[in-house]
Amino acid sequence: MKKDKTSLKAYFRRGQAHMSLNNYEKAKSDFLKAKELSPQEDKRYLSFFSLIFYSKYSFSSIEANLKKIAVWEKQQETKTAQMYKNMFS
């Protein structure tokens, strides 16, 4: 990514790697960058090759990973709230 800051595949793959290592904050930033770079719904202007390539790293795949991260964030908030509740009760 030092060479090509617009590589959707690189951000997507790095986001997956961060998720597998439980680095959800870093994964979220990579998936948000991939989402920004993805050719969302307007596929009329993409070539056939590009359409095949981007289908693997589609907007919906990125959104699915972002939803997993949102669930993790919610779980962390719940754990933190429970911890403080137990500390002060």
Side-chain angles (χ1 to χ4, degrees):
M1 293 205 294
K2 291 179 183 178
K3 292 182 180 182
D4 186 7
K5 300 230 185 261
T6 61
S7 177
L8 167 62
K9 181 178 178 181
Y11 283 105
F12 185 83
R13 293 290 176 110
R14 191 170 76 174
Q16 288 180 320
H18 282 306
M19 280 187 68
S20 68
L21 296 171
N22 295 327
N23 296 331
Y24 292 102
E25 291 85 11
K26 291 179 181 180
K28 183 177 182 178
S29 69
D30 283 338
F31 284 126
L32 289 173
K33 183 66 176 176
K35 181 179 175 181
E36 179 184 312
L37 295 171
S38 72
Q40 300 169 12
E41 298 300 321
D42 193 9
K43 297 191 182 342
R44 293 176 295 181
Y45 303 108
L46 295 175
S47 68
F48 179 71
F49 175 76
S50 295
L51 187 59
I52 291 170
F53 173 77
Y54 283 118
S55 65
K56 188 173 184 179
Y57 310 103
S58 68
F59 189 74
S60 59
S61 297
I62 296 167
E63 283 293 316
N65 283 307
L66 286 169
K67 285 180 184 178
K68 289 178 188 176
I69 292 170
V71 168
W72 175 83
E73 289 175 333
K74 184 68 174 167
Q75 290 172 345
Q76 294 304 309
E77 288 175 15
T78 304
K79 285 180 184 178
T80 302
Q82 187 64 37
M83 181 182 68
Y84 286 123
K85 180 180 175 185
N86 290 340
M87 289 172 90
F88 298 111
S89 59

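These numbers come from the heavy atoms of this one structure, side chains and all, not from hydrogens, waters or symmetry mates.
- Ring centers of Phe12 and Phe31: under 6.0 Å apart, within the cut-off.
- Taking both residues in full, the closest heavy atoms of Leu32 and Leu66 are given as CD2-CD1, 3.9 Å, listed atom of the first, atom of the second, then distance.
- Of all heavy-atom pairs between Gly15 and Ala27, the closest is O-CB, 3.4 Å.
- In this structure the side chain of Thr78 never reaches within 4.5 angstrom of the side chain of Gln82, judged on heavy atoms.
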Evaluate Lys33 against Glu36 for salt bridge (charged side-chain N to carboxylate O under 4.0 Å, His left out), listing each step before the verdict.
CA-CA 5 Å; Lys33 183 66 176 176; Glu36 179 184 312; 3.3 Å; yes

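- Asp30 contributes atom CG, which lies 13.5 Å from atom CZ of Arg13 (distance to the nearest 0.5 angstrom).
- Rounding to the nearest 0.5 angstrom, the gap separating the NE2 atom in His18 from the CD1 atom in Ile69 is 10.0 Å.
- Asn22 and Tyr24 form a side-chain donor-acceptor contact under 3.5 Å, judged by distance and modelled atom types alone.
- For the atom pair Trp72 CH2 and Glu77 CD, the distance stands at 10.0 Å (nearest 0.5 Å).
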